[in-house]
Amino acid sequence: MCGIVGLFLKDKSLEPQLGNLLSDMLITMTDRGPDSAGIAIYGGSAEGKAKITIQSSNPEADFEGLAADLEKAGIKAHVWIKSTHAVIELDASKLGAVREALERIRPAVRLMGSGESVEIYKEIGLPKDVVTRFDVRAMSGTHGIGHTRMATESAVTTLGAHPFSTGVDQCLVHNGSLSNHNNLRRQLIREGMTFETQNDSEVAAAYLTAEMAKGKDLGEALTGALDDLDGFFTFVVGTKSGFGVVRDPIACKPAVMAETDQYVAFGSEYRALVNLPGIENARVWEPEPATVYFWDHDKAA
């Protein structure tokens, strides 16, 4: 049992409130998963810039002098430290190079996510502590997803927490359990995907990344997941401009959605949505089994 939340803003005037709204939603889901928590905020960056979020179990050592060491490696970057995480902003053309550089100069750090828009923060602990630790309430953005975990398939670790990100500006949160993840992981490795954990949810994220690399948009990739993934699942997924939801054909995991002229919201339970502005006038529904729901700022809904 885990708790999932998601918020996709249509109204730009709400963007400064995204972190605060999403934090309240996530904290409300604490009793669905007290082991670890994580949140992804899509907030954009300066034109031509990209961001990479990293995590360290020894941040004092790994983050000290990081910007200077990257510059010595030929990469000019700004580094913002948030507790055990750091966000590196650099020219988008250097995104691949910075990953290679980090493997050499900071081999102990772990990649949480990268892209032009996304920042991902996740750690062991209660949602309220994760939200405070990374000052999530102060963050603005266009959309975001969050997860609070009750581990059933793997160990309670930072890397095992959600969201999982396996592609640029892509991430996924999952409630459920996949039965064919081992076979699918082997297939994806043959296709060139790499994995940090044995978590079945990371396989789902990698599957979507691989499908989108073939030219599919998020909605099309989620539709394919209904045929290719076995088990029980509710997925909420983010891309640079998109937000998607899908449940397996049995749909035994709880889910509720709400939509107004200002936003689309997802929660594992309705109580996660009750404090959203204008919720009393929202269209509220339970997402149908084996049905893809997909919104994109760059496309018609």
Side-chain angles (χ1 to χ4, degrees), residues 4-23 25-26 38-55 75 77-82 85-99 102 110-122 131 134-147 162-173 205-206 208-209 211-213 216-219 221-222 235-245 262-266 294-301:
I4 300 176
V5 296
L7 188 59
F8 178 89
L9 300 180
K10 303 176 183 180
D11 184 347
K12 286 186 174 295
S13 70
L14 287 179
E15 290 181 8
Q17 301 181 48
L18 177 66
N20 192 49
L21 293 170
L22 203 57
S23 294
M25 295 170 70
L26 188 64
I39 203 159
I41 297 286
Y42 287 85
S45 64
E47 186 175 354
K49 297 291 186 179
K51 297 181 286 188
I52 181 168
T53 311
I54 58 174
Q55 184 270 352
I75 301 169
H78 296 285
V79 178
W80 289 271
I81 299 171
K82 288 189 176 183
H85 289 46
V87 178
I88 304 169
E89 186 178 62
L90 69 167
D91 288 342
S93 62
K94 297 290 188 179
L95 198 55
V98 75
R99 294 188 186 196
L102 287 170
R110 298 294 187 178
L111 174 65
M112 298 290 100
S114 65
E116 295 180 18
S117 180
V118 72
E119 296 178 25
I120 297 176
Y121 302 92
K122 58 183 185 179
V131 162
F134 301 114
D135 198 22
V136 174
R137 290 190 182 278
M139 298 182 71
S140 62
T142 56
H143 55 297
I145 62 178
H147 185 275
H162 302 215
F164 281 98
S165 179
T166 55
V168 174
D169 278 320
Q170 298 173 22
C171 65
L172 169 147
V173 292
L208 295 177
T209 298
E211 291 301 293
M212 293 177 73
K216 295 181 179 180
D217 64 21
L218 175 57
L222 289 171
F235 297 139
V236 179
V237 185
T239 66
K240 180 182 175 182
S241 59
F243 175 82
V245 174
Q262 293 184 296
Y263 58 80
V264 179
F266 176 95
F294 175 49
W295 292 262
D296 196 308
H297 285 119
D298 292 342
K299 299 180 180 181

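Keep in mind that the numbers below use all heavy atoms, side chains included, and drop hydrogens, waters and symmetry copies.
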**Student:** Can you spot which of Arg99, Glu119, Lys51 makes a side chain to side chain donor-acceptor pair (under 3.5 Å) with Ser114?
**Tutor:**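 So, applying the side chain to side chain donor-acceptor pair (under 3.5 Å) to Ser114 and each of Arg99, Glu119, Lys51, only Arg99 qualifies.
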
**Student:** Can you tell me how far the OG atom of Ser140 sits from the CG atom of Asn20, to the nearest 0.5 Å?
**Tutor:**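 With rounding to 0.5 Å, OG (Ser140) is 12.0 Å from CG (Asn20).
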
**Student:** Does the Ser23 side chain pair with the main chain of Val136, one donor and one acceptor, at a distance under 3.5 Å?
**Tutor:**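 Not a single qualifying donor-acceptor pair exists.
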
**Student:** Specify the closest pair of heavy atoms between Gly144 and Tyr42, including all atoms of both residues, with the distance to one decimal.
**Tutor:**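 Where Gly144 meets Tyr42 most closely, the heavy atoms are CA-CD1, 4.5 Å.
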
**Student:** Can you list the steps and then say if Ile4 with His147 is a side chain to side chain contact (heavy atoms under 4.5 Å, CB included)?
**Tutor:** CA-CA 5 Å; Ile4 300 176; His147 185 275; 3.9 Å; yes

**Student:** List the atom pairs, donor and acceptor, that lie under 3.5 Å between side-chain atoms in residues 235-243 and the rest of the protein, sequence neighbours left out.
**Tutor:**
from	atom 1	to	atom 2	distance (Å)
Thr239	OG1	Gly242	N	2.8
Lys240	NZ	Glu116	OE1	2.6
Ser241	OG	Asp296	OD1	2.7
Ser241	OG	Asp296	OD2	3.4
Ser241	OG	Asp298	OD2	3.3

**Student:** Please say whether the positively charged group of Lys122, taken as NZ for Lys or CZ for Arg, lies over the ring of Phe134, i.e. under 6.0 angstrom from the six-membered ring centre and within 45 degrees of the axis.
**Tutor:**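 Pair Lys122/Phe134 does not count as cation-pi.
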
**Student:** Can you tell me if Asp11 and Ser13 form a side-chain donor-acceptor pair at under 3.5 Å?
**Tutor:**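 The answer is yes; a qualifying pair exists.
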
**Student:** Enter the distance from Leu7:CG to Leu26:CG here, rounded to the nearest 0.5 Å.
**Tutor:**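 Separation between the atoms: 12.0 Å.
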
**Student:** Just say parallel, tilted or perpendicular for the rings of Phe8 and Trp295, cut-offs at 30° and 60°.
**Tutor:**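 Judged by the thresholds at 30° and 60°, the geometry between Phe8 and Trp295 is tilted.
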
**Student:** Do the side chain of Asp91 and the main chain of Ser93 share a donor and acceptor less than 3.5 angstrom apart?
**Tutor:**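 No, the answer is negative, given that no donor and acceptor are paired below the 3.5 Å cut-off.
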
**Student:** Quick check: closest heavy atoms across Ala50 and Leu95, and the distance to 0.1 Å?
**Tutor:**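 It is CB-CD1, 4.1 Å.
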
**Student:** Nearest 0.5 Å, what's the CD1-NZ distance between Ile52 and Lys94?
**Tutor:**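 The distance works out to 14.0 Å.
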
**Student:** Considering non-hydrogen atoms only, spot the tightest contact between Ile120 and Thr53 and give its length.
**Tutor:**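 Result for this residue pair: O-CG2, 3.0 Å.
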
**Student:** Rounded to the nearest 0.5 Å, what separates atom CG in Leu14 from atom OG1 in Thr142?
**Tutor:**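 The OG1 atom of Thr142 is 12.0 Å from CG of Leu14, to the nearest 0.5 Å.
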
**Student:** May I ask you to test the Tyr121-Met139 pair for a side-chain heavy-atom distance under 4.5 Å?
**Tutor:**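 Of all side-chain heavy-atom pairs linking Met139 with Tyr121, at least one is under 4.5 Å.
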
**Student:** Apply the test side chain to side chain contact (heavy atoms under 4.5 Å, CB included) to residues Leu21 and Tyr263: give CA-CA distance (whole Å), side-chain angles for both, the deciding distance (0.1 Å), then the verdict.
**Tutor:** CA-CA 11 Å; Leu21 293 170; Tyr263 58 80; over 6 Å; no

**Student:** With a 4.0 Å cut-off, would you call Lys49 and Glu89 a salt bridge?
**Tutor:**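 Not counted as a salt bridge, because no side-chain N and carboxylate O are separated by less than 4.0 Å.
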
**Student:** Going from CD1 on Ile41 to CD1 on Ile145, what distance comes out if it is rounded to the nearest 0.5 angstrom?
**Tutor:**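 If I round to the nearest 0.5 Å, the distance is 10.0 Å.
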
**Student:** Taking all non-hydrogen atoms of both residues, which atom of Ala40 and which atom of Val118 are closest, and how far apart?
**Tutor:**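 Closest approach of Ala40 to Val118: CB-CG2, 4.1 Å.
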
**Student:** Check Leu18 against His143 and note the closest heavy-atom contact, atom names and distance.
**Tutor:**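 That closest heavy-atom pairing would be CD2-O, 3.4 Å.
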
**Student:** Can you tell me how far NZ of Lys216 sits from CD of Glu211, rounded to the nearest 0.5 angstrom?
**Tutor:**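 Rounded to the nearest 0.5 Å, the CD-NZ separation comes to 4.0 Å.
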
**Student:** Do you know the tightest heavy-atom contact between Val131 and Arg137?
**Tutor:**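 What the structure gives for the nearest pair is CG1-CG, 3.9 Å.
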
